[in-house]
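Here's the structure, in structure tokens; my notes come after.
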Protein chains: 2
Amino acid sequence: MAERTYHHGNLRAALIDAGLQLLEEGGIEAVGIRSAARVTGVSHAAPARYFPTATSFLAAVAAVGYERLAAALAEAVNSAEDALSAFRAAGLAYVAFARREPNTFRALTHPSLADKSQHPDLLSASNRAFDVLRAAVVRAQADGHVVSAAPAALALTAWSTVHGISALIVDDQLAAKGYADDPDDLAEEVLATLFLGLRPTEG
Amino acid sequence: MAERTYHHGNLRAALIDAGLQLLEEGGIEAVGIRSAARVTGVSHAAPARYFPTATSFLAAVAAVGYERLAAALAEAVNSAEDALSAFRAAGLAYVAFARREPNTFRALTHPSLADKSQHPDLLSASNRAFDVLRAAVVRAQADGHVVSAAPAALALTAWSTVHGISALIVDDQLAAKGYADDPDDLAEEVLATLFLGLRPTEG
DNA sequence: TCCCAATGTTGACACTGTCTATATTGGCGG
DNA sequence: CCGCCAATATAGACAGTGTCAACATTGGGA
């Protein structure tokens with residue numbers, strides 16, 4: 001901060017902060033190399049040393065978004081009482097995160113970041129968030145609340161479900177598609193259906 | 001086509017065709033007002049009369065994508081034997097569409113189109129696709145294969161599920177998340193879980 | 001202390017979307 | 001059949017973007 005000289009100190013982190021701020025304020029379209037440089041008070045080409053391309057900058061910002069998501073999921077899981085309610089809390093936390101930070105949520109699945117193999121940090125952050133859900137599945141299996149199939153497949157199913165409903169809620173598609181009630185109710189209903197489908201056959 | 005004069009005839013449709021071509025070839029990032037004009041062989045500002053803003057052009061292209069999706073769903077539903085397999089076929093057709101036209105699929109949920117209320121044609125096309133799924137739900141209810149709750153909520157649940165898994169498959173996230181098998185198998189598994197969750201309680 | 005490698009800056013280029021002013025022309029009333 | 005007008009397309013300009021190459025600055029180790 002304050003009265004910086006020629007060398008910034010930790011420009012990389014400062015740029016990512018600026019990117020997060022731009023993201024929150026103006027959506028993903030507002031996140032750019034030059035605007036981030038401007039916010040940071042640095043020349044327009046300075047970011048190039050840390051982010052060779054505009055997409056790589058976006059990826060770095062989105063990676064922080066995934067970290068936040070992972071943290072939100074982990075907190076929900078940890079503050080739950082039993083394995084099933086932990087799994088359930090993770091699902092609700094996913095939807096809650098999307099609603100709380102819609103612009104961040106949308107950034108996570110931005111088309112230009114579709115190929116995550118180009119952005120290792122983004123990929124690992126994404127997987128870290130997923131692993132929280134996967135761990136919750138494994139524990140719910142151990143407690144007999146979830147059918148004992150491959151955890152990866154079950155976690156992918158759960159991820160799909162909560163991601164899909166989050167996308168619909170965040171983009172405000174409910175009313176247009178004939179659902180007039182509280183989005184929270186829908187999230188609960190969707191999760192209930194999911195859990196019913198994941199239940200072990202005849203306990 | 002061929003030797004056009006000053007007035008094009010149906011520039012609007014030609015531009016959308018160009019947009020679809022650009023989309024298929026280079027992804028959504030390649031779809032722009034100027035590039036579409038270039039492909040169409042028209043001046044860079046000509047599209048402005050039909051598409052006042054770049055986003056509105058994108059919306060028109062995406063609307064065609066939703067129409068295609070709706071058609072694919074409808075065909076799957078219509079060529080099925082009974083109500084339950086029609087519902088199931090619709091789900092598989094959704095995933096198949098996403099895999100067949102990944103760039104089109106990604107365009108449908110592009111962040112800049114998140115607010116569909118700004119783009120009536122896009123909204124109605126999107127709803128048309130959704131209605132195919134909703135009708136399938138209703139029929140499956142009538143045949144006793146699906147719990148009798150509000151169709152809108154159930155259809156939203158189904159949409160969420162198939163959309164989520166499609167997004168994961170299209171962005172090639174399966175292997176990175178520990179699923180090494182055939183994506184088709186996963187799609188079937190996810191649908192099976194969905195149907196299990198949607199089944200009427202004890203028949 | 002000196003120097004060099006790491007870090008920022010400056011300037012330029014091609015590209016984009018958007019605006020305003022201008023040119024072209026098909027089709028209508030006379 | 002003619003002439004004009006409104007619809008349609010063009011031309012030019014401007015601000016903004018990402019990216020590149022040449023240059024300036026400086027901190028920290030030999």
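Just so we're on the same page: letters track the sequence lines, and every chain starts at 1.
Within the 4.5 Å cutoff, no side-chain heavy atoms of B/Thr109 are placed close to those of A/Thr109. Between A/Phe195 and A/Val146 the shortest side-chain heavy-atom distance does not fall below 4.5 Å. At a threshold of 4.5 Å between non-hydrogen side-chain atoms, the residues A/Thr40 and A/His8 count as touching. Residues A/Lys177 and B/Ser126 meet the side-chain proximity criterion, which asks for heavy atoms closer than 4.5 Å.
Rounding to the nearest 0.5 angstrom, the gap separating the CZ atom in B/Phe87 from the CG atom in B/Leu194 is 5.5 Å. We find the OG-CG distance between B/Ser117 and B/Leu123 to be 8.0 Å, quoted to the nearest 0.5 Å.
Phosphate proximity of D/dG16 to A/Ser35: absent, as no side-chain N or O sits under 4.0 Å from OP1 or OP2. A/Thr53 has a side-chain polar atom (N or O) that falls below the 4.0 Å cut-off from OP1 or OP2 of D/dT19.
The OH-P distance, from A/Tyr50 to D/dT19, rounds to 17 Å in whole Å. Counting to the nearest Å, the C1' atom of C/dG26 and the NE2 atom of B/His8 are 16 Å from each other. C/dC19 atom P lies 13 Å from atom CZ of B/Arg34, rounded to whole Å. For the pair A/Ile33 CD1 and D/dC20 C1', the interatomic distance rounds to 14 Å; values are reported in whole Å.
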Distance-only donor-acceptor hits, side chain of residues 52-63 of chain B, under 3.5 Å, sequence neighbours excluded:
unit_1, atom_1, unit_2, atom_2, d
B/Ser56, OG, B/Thr53, N, 3.3
B/Ser56, OG, B/Thr53, O, 2.6

Show which side-chain atoms of residues 12-29 of chain A pair as donor or acceptor with protein atoms under 3.5 Å away, not counting sequence neighbours.
unit_1, atom_1, unit_2, atom_2, d
A/Gln21, NE2, A/Glu25, OE2, 3.4

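No more than 12 heavy atoms of other residues, nucleotides or ligands sit less than 6.0 Å from atom CG of A/Asp172.
For B/Arg106 and B/Asp171, the salt-bridge test passes: some basic side-chain N is under 4.0 Å from an acidic carboxylate O. Salt-bridge annotation for A/Asp131 and A/Arg134: present, with a side-chain N of the basic residue lying under 4.0 Å from a carboxylate O of the acidic one. With respect to the salt-bridge test (charged N to carboxylate O, under 4.0 angstrom), the residues B/Arg99 and B/Asp184 qualify.
Using a 4.0 Å heavy-atom cutoff across all strands shown, A/Ala54 reaches sugar-phosphate atoms only and no base atom. Within the nucleic acid shown, A/Phe51 has no heavy atom closer than 4.0 Å to any nucleic acid atom. A/Phe57 comes within contact range of no nucleotide atom at all, as no heavy-atom separation falls under 4.0 Å.
Residues from residues 10-30 of chain A placing a heavy atom under 4.0 Å of any atom in DNA chain C, listed by number, are A/Leu11. For the segment residues 106-119 of chain B, no residue has any heavy atom less than 4.0 angstrom from an atom of DNA chain D. Residues from residues 36-44 of chain A placing a heavy atom under 4.0 Å of any atom in DNA chain C, listed by number, are A/Val42, A/Ser43, A/His44.
Residues A/Asn127 and A/Ser124 have side chains that never bring a donor and an acceptor to within less than 3.5 angstrom of each other.
The residue among B/Gly9 and A/Ala48 whose nearest nucleotide of DNA chain D lies closer to the 5′ end is B/Gly9. Across the interface with DNA chain D, nearest-nucleotide mapping of B/Pro47 and A/Gly32 shows B/Pro47 to be the residue nearer the 5′ end.
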Using a cut-off of under 3.5 Å, enumerate the N/O to N/O pairs linking the protein to nucleotides 21-26 of chain D.
unit_1, atom_1, unit_2, atom_2, d
D/dA24, N3, A/Tyr6, OH, 2.9

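Ring geometry, B/Phe105 versus B/Tyr94: the interplanar angle exceeds 60°, so the pair is classed perpendicular (tilted spans 30 to 60°).
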